[in-house]
Amino acid sequence: MEQLKVMFVCLGNICRSPLAHAIFQRDVDVAGLSDVIHVESSGTGSWHIGHLPDARMRKEAASHGVEMDHRARQFEASDLSEYDLIFAMDRDNKANILYLDRNGENAHKVALFRDYDPQAELGAEVPDPYYGGARGFAQVYEIVERTSAQLLDHIRKTYIEGAK
Ligand code: 4NP
């Protein structure tokens, strides 16, 4: 079976999506699925290309034993064909991804990450913590932790167990 390629996308790729990347990768590793699922993240903006995640996000993640060493990169139109599943952190990110899908042929791959949050309504967003305080980073951590688990469960049932 070819690897299933999963991409998380936010604005800067230094707070929310690299956290989702790190937590989901940890969950994939624990589930023994590292050979089956490939995980990546990116940002729709270009300001932080090459940067490590924001120090505030890394500090919050480290307090839960999660290391973040991703280097930011920008989402590209070619990622729409390259990746199988693309999860946007907020509705702006999703709109910007879909804007790059000129003929709409990959739109079915794009969803909001929090559509898999067991505690949220459909259409909920991961709030951008960049201009706020430490509480915002802790909140993002909680959202991403529980959503990642539910998302992996969904992906296993839909794409992996059914494909065996
Ligand atoms: P992220 O947060 O999209 O979760 O990585 C942000 C990071 C940087 C900026 C905005 C949001 N910025 O405006 O530079």
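All heavy atoms count here, side chains included; hydrogens, waters and symmetry mates do not. Start at 1 and go down the list; that is how both ligands and their atoms are numbered.
- Contacts of Y141 classified as ring pair (Phe, Tyr, Trp, His ring centres under 6.0 Å), with partners at least two apart in sequence or in another chain: H64.
- Between R114 and E121, none of the side-chain N atoms (NZ, or NE/NH1/NH2) sits under 4.0 Å from a carboxylate O, so this pair counts as no salt bridge.
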Check the pair H21, F8 against ring-ring contact (aromatic ring centres under 6.0 Å, His included), reporting the backbone distance first and the verdict last.
CA-CA 6 Å; H21 183 164; F8 299 103; 7.3 Å; no
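- Checked by atom type, the side-chain pair S42/N13 shows no donor-acceptor distance below 3.5 Å.
- In this structure, a donor-acceptor pair under 3.5 Å is absent between the side chains of N96 and N93.
- Partner M7 forms a side chain to side chain contact (heavy atoms under 4.5 Å, CB included) with one of E82, E40, K109 and no other, that one being E40.
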Show me the short polar-atom pairs for ligand 1: any N or O of it lying under 3.5 Å from a protein N or O, with distances only.
from     : atom 1 : to   : atom 2 : distance (Å)
ligand 1 : 2 (O)  : D128 : OD1    : 3.4
ligand 1 : 3 (O)  : L11  : N      : 2.9
ligand 1 : 3 (O)  : G12  : N      : 2.8
ligand 1 : 3 (O)  : R16  : NH2    : 2.9
ligand 1 : 4 (O)  : R16  : N      : 2.9
ligand 1 : 4 (O)  : R16  : NE     : 2.7
ligand 1 : 5 (O)  : G12  : N      : 3.4
ligand 1 : 5 (O)  : N13  : N      : 3.2
ligand 1 : 5 (O)  : I14  : N      : 3.0
ligand 1 : 5 (O)  : C15  : N      : 2.9
ligand 1 : 13 (O) : Y131 : OH     : 3.3
ligand 1 : 14 (O) : H48  : NE2    : 2.9

